[in-house]
Amino acid sequence: MRLHQVIYCAAALLLAGNPGRAADEIDCANAVTTVDLNACAEKEFDSADKDLNAAYKEIMADLTAPDPGNEENNKRWAEALKVSQRAWVAFRDADCQKLTVFEAGGGTATTGEILGCLTEMTQARTKSLRARYEVK
């Protein structure tokens with residue numbers, strides 16, 4: 001089972017204990033319950049993941065755009081970035097899912113800790129890609 005499936009299953013189980021309350025209804029600035037904190041952490045990760053995907057797509061579009069005389073080089077460059085990004089995602093997921101479980105010590109805070117790790121690493125990768133490829 002992939003990390004996002006594990007997270008969504010955990011979130012679904014947690015949210016099932018609070019039926020009828022959508023994640024958008026939660027005041028994340030004042031969240032105190034584990035269910036609310038996890039829902040807010042998931043929202044933050046989803047936002048960070050969307051930002052990363054947008055930056056990555058913009059970079060790939062630039063690398064695969066027509067560029068007379070550089071098409072072959074850019075094609076190899078785009079493929080190298082694709083391989084790198086996939087490896088980075090695998091590293092991020094393993095690091096956050098596997099190590100954070102032990103670092104958090106288990107318990108109800110673990111899901112939030114995993115999501116926090118995913119968010120932090122995703123935001124850092126987005127910042128790195130944007131700076132490296134001069135993407136806004």
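Just so you know, these numbers come straight off a predicted model, no measurement behind them.
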Taking [Y]'s backbone N and O only, do any of them form a donor-acceptor pair with [X]'s side chain (distance below 3.5 Å, no angle check)?
{"X": "Thr110", "Y": "Gly107", "answer": "yes"}
{"X": "Thr33", "Y": "Asp36", "answer": "yes"}
{"X": "Asn38", "Y": "Thr111", "answer": "no"}
{"X": "Glu71", "Y": "Gly69", "answer": "yes"}
{"X": "Ser84", "Y": "Ala80", "answer": "no"}

*Passes side-chain hydrogen bond (donor to acceptor under 3.5 Å, both in side chains), Asn73 versus Asn70? Steps please.*
CA-CA 5 Å; Asn73 184 59; Asn70 291 317; 5.4 Å; no
*Apply side-chain hydrogen bond (donor to acceptor under 3.5 Å, both in side chains) to Asn74 and list each qualifying residue two or more places apart in sequence or on a separate chain.*
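Listed in chain order: Asp67.
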Between [atom1] of [X] and [atom2] of [Y], what distance do you get to the nearest 0.5 Å?
{"X": "Asp46", "Y": "Thr119", "atom1": "CG", "atom2": "OG1", "answer": "8.5 Å"}
{"X": "Met60", "Y": "Asn53", "atom1": "CE", "atom2": "CG", "answer": "12.0 Å"}
{"X": "Leu118", "Y": "Glu42", "atom1": "CG", "atom2": "CD", "answer": "10.5 Å"}
{"X": "Ile59", "Y": "Lys82", "atom1": "CD1", "atom2": "NZ", "answer": "15.0 Å"}
{"X": "Arg125", "Y": "Arg130", "atom1": "CZ", "atom2": "CZ", "answer": "12.5 Å"}

*asked:* Could you check whether any side-chain heavy atom of Glu103 comes within less than 4.5 Å of a side-chain heavy atom of Lys98, counting everything from C-beta outward?
replied: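 No, every pair of side-chain atoms sits at 4.5 Å or beyond.
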*Should Leu115 and Val101 be regarded as members of a common hydrophobic cluster, given that ILVMFWY residues are connected when their side-chain heavy atoms come within less than 4.5 Å of each other, either directly or indirectly?*
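Same cluster: Leu115 reaches Val101 through Ile, Leu, Val, Met, Phe, Trp or Tyr contacts under 4.5 Å.
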Shortest non-hydrogen contact from [X] toward [Y]:
{"X": "Cys117", "Y": "Asp95", "result": "SG-OD2, 4.5 Å"}
{"X": "Cys96", "Y": "Ile114", "result": "O-CG1, 3.7 Å"}
{"X": "Thr34", "Y": "Thr108", "result": "CG2-O, 3.4 Å"}
{"X": "Ile26", "Y": "Ala31", "result": "CG2-CB, 4.4 Å"}

*asked:* Please evaluate residues Thr122 and Phe45 with respect to the criterion side chain to side chain contact (heavy atoms under 4.5 Å, CB included), reporting the C-alpha separation (whole Å), side-chain torsions for both, the decisive distance (0.1 Å), and the verdict.
replied: CA-CA 8 Å; Thr122 300; Phe45 170 63; 3.6 Å; yes
*Show your working on side chain to side chain contact (heavy atoms under 4.5 Å, CB included) between Leu52 and Trp88 and close with a plain yes or no.*
CA-CA 12 Å; Leu52 174 60; Trp88 178 84; 3.7 Å; yes
*Output, in order, the C-alpha distance, side-chain angles, deciding distance and verdict of side chain to side chain contact (heavy atoms under 4.5 Å, CB included) for Tyr56 and Leu81.*
CA-CA 9 Å; Tyr56 176 78; Leu81 178 58; 4.0 Å; yes
*Just do the side chain to side chain contact (heavy atoms under 4.5 Å, CB included) check on Met121 and Phe91 with the steps written out, would you?*
CA-CA 10 Å; Met121 290 183 77; Phe91 166 76; 3.3 Å; yes
*Would the number of heavy atoms belonging to other residues, nucleotides or ligands and lying under 6.0 Å from CD of Glu120 be above 12?*
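It does not: Glu120 CD has 12 such atoms or fewer within range.
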*Atom CH2 of Trp77: over 12 foreign heavy atoms under 6.0 Å*: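 Atom CH2 in Trp77 is not packed in, count stays at 12 or less.
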